[in-house]
Asks: 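Supplied in structure tokens, the structure appears directly below.
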Amino acid sequence: MATETTGHEAAGACVDAGGSAIGMPQLCADWIPNQVFWLIITLVVIYFVLSRIALPRIASVLAERQGAITNDISAAEELKRQAEEAETAYQKALADARAEAQAIGEKTRTEIKAQLDEATQEADARIAAKAAESEKAIAEIRDSAAQNVEIVAKETAEAILAALGHQADKSAIDSAVDNRLKG
Amino acid sequence: MATEMEAAQGADAAAHGGEAGGLVFHPMDQFIVKPLFGHGEVGLFTITNVTLWMLIAILGIVAMMVLGTSRRAVIPSRAQSVAELVYGFIYKMVEDVTGKEGLRYFPYIITLFLFIVFANFLGLIPMSFTVTSHFAVTVVLALAVFVGVTALGFIKNGKSFLSLFWVSSAPLALRPILAVIEVISYFVRPVSHSIRLAGNLMAGHAVIKVFAGFAALAVVSPLSIVAITAMYGLEVMVALIQAYVFTILTCVYLKDALHPHH
């Protein structure tokens with residue numbers, strides 16, 4: 001029972017003999033100074049730990065990371081610019097090569113055309129010469145053939161008349177044949 | 001020790017009483033402040049359970065914010081990203097609510113936030129003591145904000161800080177009435193600021209204890225265990241939300257001190 005008395009005394013105004021709270025412990029004035037005292041100590045400790053150590057450290061880490069990200073982005077932009085430059089140069093080289101190829105092609109084509117024209121002209125001239133020559137020969141042949149036809153016709157006519165028993169005058173026959181040939 | 005033994009006997013008695021049909025609840029016993037060593041009076045410097053759980057909160061904050069960031073890695077570890085997340089969260093809150101000039105007070109505000117968050121979550125450990133469930137604690141926190149912000153308002157703005165109470169956008173006839181209302185609401189701020197936090201935590205913890213008392217009855221014990229689980233989930237949310245609310249209200253009050261003109 002002695003212990004109970006001590007317990008009762010220790011409990012004070014806010015705790016009953018059974019160790020249970022009397023009313024709301026939140027309203028027990030006996031405990032307020034103690035709570036306030038330790039709260040102030042705690043807040044001061046937390047404030048100094050945070051403001052002296054933790055917050056500057058985190059701020060510097062965040063700033064460093066931001067710096068690293070900014071650097072990386074600018075490096076990436078630089079690389080992108082270089083790649084774009086390389087692409088432009090490549091495109092330019094490609095266009096140049098294409099233009100040169102076209103120029104060479106054009107030049108070759110013109111040369112070939114000139115040669116071809118020349119050869120064509122030459123061939124045309126030759127063909128014309130040959131044609132004129134041939135025409136001449138043909139005309140000659142035609143003329144001689146016409147004379148031959150006349151001669152043959154006259155001779156044939158004479159022969160036919162002879163065969164029929166007529167002695168015809170040679171000049172009459174000739175004129176008759178000539179007349180017929182003309183007619 | 002005797003008190004503890006008696007407390008145990010009391011609990012036993014309560015349990016037996018429960019089986020007998022007469023349930024005995026002590027939902028407020030968890031809020032009792034008691035000395036850690038011996039069982040004397042709780043004096044100003046006595047090392048009590050308050051001291052213990054505040055110390056654990058300090059250790060938790062040091063572990064998270066100091067040890068977690070000790071490697072200062074550009075690519076953060078998990079612990080470091082948690083610390084950075086909290087830093088960024090509060091930093092952005094202060095910047096968004098109070099503007100650039102409020103960032104000078106960022107260390108004070110993150111101190112409040114971390115203390116409340118850690119105290120709230122440590123209070124959720126079974127058999128622990130929730131320091132933020134006591135008005136003594138939250139009133140000091142709220143008064144520190146109130147006094148600090150009011151002093152800051154007068155230092156920064158001089159007499160023009162009083163224009164906070166003089167609603168220049170209202171009709172002239174209404175302004176004196178509005179001024180009275182504004183002054184009253186200004187002085188109610190620390191009351192609501194502190195009671196909101198302690199009240200929420202006290203109520204939640206007490207309700208869990210009441211459900212736990214019902215668990216002594218075999219018939220309702222499954223239901224009471226489900227209810228405890230649900231309440232615990234709610235309390236986890238409340239622990240974070242109340243810390244957030246306290247912090248953002250601090251930012252809002254700070255904004256009023258820095259820019260008192262409506």
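We name chains A, B, ... by the order of the sequence lines, and we start the count at 1 in each one.
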Asks: For residues A/Ile32 and B/His134, determine if any side-chain heavy atom of one lies less than 4.5 Å from a side-chain heavy atom of the other.
Replies: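 No, every pair of side-chain atoms sits at 4.5 Å or beyond.
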Asks: With chain A, which of B/Met65, B/Met64, B/Glu84 has the greatest number of heavy-atom pairs at distances under 4.5 Å?
Replies: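 Answer, by heavy-atom pair count under 4.5 Å with chain A: B/Glu84.
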Asks: Evaluate the side-chain proximity of A/Asp30 to B/Val42: yes if any heavy-atom separation is below 4.5 Å, no if none is.
Replies: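 Not touching, per the 4.5 Å side-chain cut-off.
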Asks: Mind telling me whether B/Tyr91 and B/Tyr87 have parallel, tilted or perpendicular rings, with 30° and 60° as the class edges?
Replies: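 Aromatic pair B/Tyr87/B/Tyr91 classed parallel.
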Asks: What residue in B/Val140, B/Val50, B/Thr51 has the most heavy-atom pairs under 4.5 Å with chain A?
Replies: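 Top count of heavy-atom pairs under 4.5 Å with chain A: B/Thr51.
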Asks: Sort and list the pairs that fulfil disulfide bond (SG atoms under 2.5 Å apart) and have at least one residue in residues 19-70 of chain A, not counting sequence neighbours.
Replies: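 Qualifying pairs: A/Cys14-A/Cys28.
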Asks: State whether the number of non-hydrogen atoms from other residues, nucleotides or ligands found under 6.0 Å of A/Glu100 atom CD is greater than 12.
Replies: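 No, not enclosed.
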Asks: Pick one of side chain, backbone, both or neither for B/Leu114, based on which atoms fall under 4.5 Å of a heavy atom in chain A.
Replies: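 When you check distances to chain A, only side chain atoms of B/Leu114 fall under 4.5 Å.
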Asks: State plainly whether the residues A/Glu77 and A/Arg81 are in salt-bridge range, i.e. N to O under 4.0 Å.
Replies: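 No, no charged N to carboxylate O under 4.0 Å.
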Asks: Answer yes or no: is there a side-chain heavy-atom contact under 4.5 Å between B/Phe146 and B/Tyr253?
Replies: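 Of all side-chain heavy-atom pairs linking B/Tyr253 with B/Phe146, none is under 4.5 Å.
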Asks: Please indicate whether A/Glu118 has more than 12 foreign heavy atoms, meaning atoms of other residues, nucleotides or ligands, lying under 6.0 Å from its CD.
Replies: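 At most 12 heavy atoms, drawn from other residues, nucleotides or ligands, come within 6.0 Å of this atom.
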Asks: Would you please go through residues 35-48 of chain A and name the residues with a non-hydrogen atom below 4.5 Å from one of chain B, in numerical order?
Replies: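 Within residues 35-48 of chain A, near chain B: A/Gln35, A/Val36, A/Phe37, A/Trp38, A/Leu39, A/Thr42, A/Leu43, A/Val45, A/Ile46, A/Tyr47.
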Asks: So do A/Met24 and B/Phe31 actually touch side chain to side chain, heavy atoms under 4.5 Å?
Replies: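 Heavy-atom side-chain distance check fails, nothing below 4.5 Å.
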Asks: Could you look at B/Ala57 and say if it's the side chain, the backbone, both or neither that has a heavy atom under 4.5 Å from chain A?
Replies: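 It is neither, since no heavy atom gets under 4.5 Å.
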Asks: Heavy atoms, side chains only, cut-off 4.5 Å: are B/Met54 and B/Phe115 in contact?
Replies: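 A side-chain contact under 4.5 Å exists here.
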Asks: Which residue pairs satisfy the side-chain hydrogen bond (donor to acceptor under 3.5 Å, both in side chains) criterion with at least one member in residues 131-144 of chain A, sequence neighbours excluded?
Replies: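 Every candidate side-chain hydrogen bond (donor to acceptor under 3.5 Å, both in side chains) pair involving residues 131-144 of chain A fails, so no pair, neighbours aside, qualifies.
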Asks: Give the interface residues of residues 50-58 of chain A toward chain B, defined by a heavy-atom separation under 4.5 Å.
Replies: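 When heavy atoms of chain B are the reference, residues 50-58 of chain A contributes A/Leu50, A/Ser51, A/Ile53, A/Ala54, A/Leu55, A/Arg57, A/Ile58 within the under-4.5 Å range.
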Asks: Contact part of B/Pro27 toward chain A, heavy-atom cut-off under 4.5 Å: side chain, backbone, both or neither?
Replies: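 Neither the backbone nor the side chain of B/Pro27 comes within 4.5 Å of chain A.
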Asks: Could you tell me if the side chain of B/Ser77 sits less than 4.5 Å from the side chain of B/Arg71, heavy atoms only?
Replies: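 Yes - at least one pair of side-chain heavy atoms lies under 4.5 Å apart.
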Asks: Heavy-atom distance under 4.5 Å to chain B: side chain of A/Ala29, backbone, both or neither?
Replies: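 When you check distances to chain B, no heavy atom of A/Ala29 falls under 4.5 Å.
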Asks: If you count heavy-atom pairs under 4.5 Å between each of B/Thr46, B/Val131, B/Ile61 and chain A, which one has the most?
Replies: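 Option with the top pair count is B/Thr46.
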Asks: Side chain, backbone, both or neither: which part of B/Ile32 has an atom under 4.5 Å from a heavy atom of chain A?
Replies: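 Backbone plus side chain of B/Ile32, per the 4.5 Å heavy-atom cut-off to chain A.
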Asks: Less than 4.5 Å to any heavy atom of chain A: does that hold for the side chain of B/Gln30, its backbone, both, or neither?
Replies: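 It is neither, since no heavy atom gets under 4.5 Å.
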Asks: Which one of B/Val139, B/Val62, B/Val137, B/Leu112 has the most heavy-atom pairs closer than 4.5 Å to chain A?
Replies: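 Between B/Val139, B/Val62, B/Val137, B/Leu112, the count favours B/Val137.
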Asks: Quick one, B/Leu254 and B/Thr250 - any side-chain contact, counting heavy atoms below 4.5 Å?
Replies: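 No - every pair of side-chain heavy atoms lies 4.5 Å or more apart.
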Asks: Does any part of the side chain of B/Thr69, heavy atoms only, come nearer than 4.5 Å to the side chain of A/Val61, both counted from C-beta?
Replies: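 A/Val61 vs B/Thr69: side chains apart.
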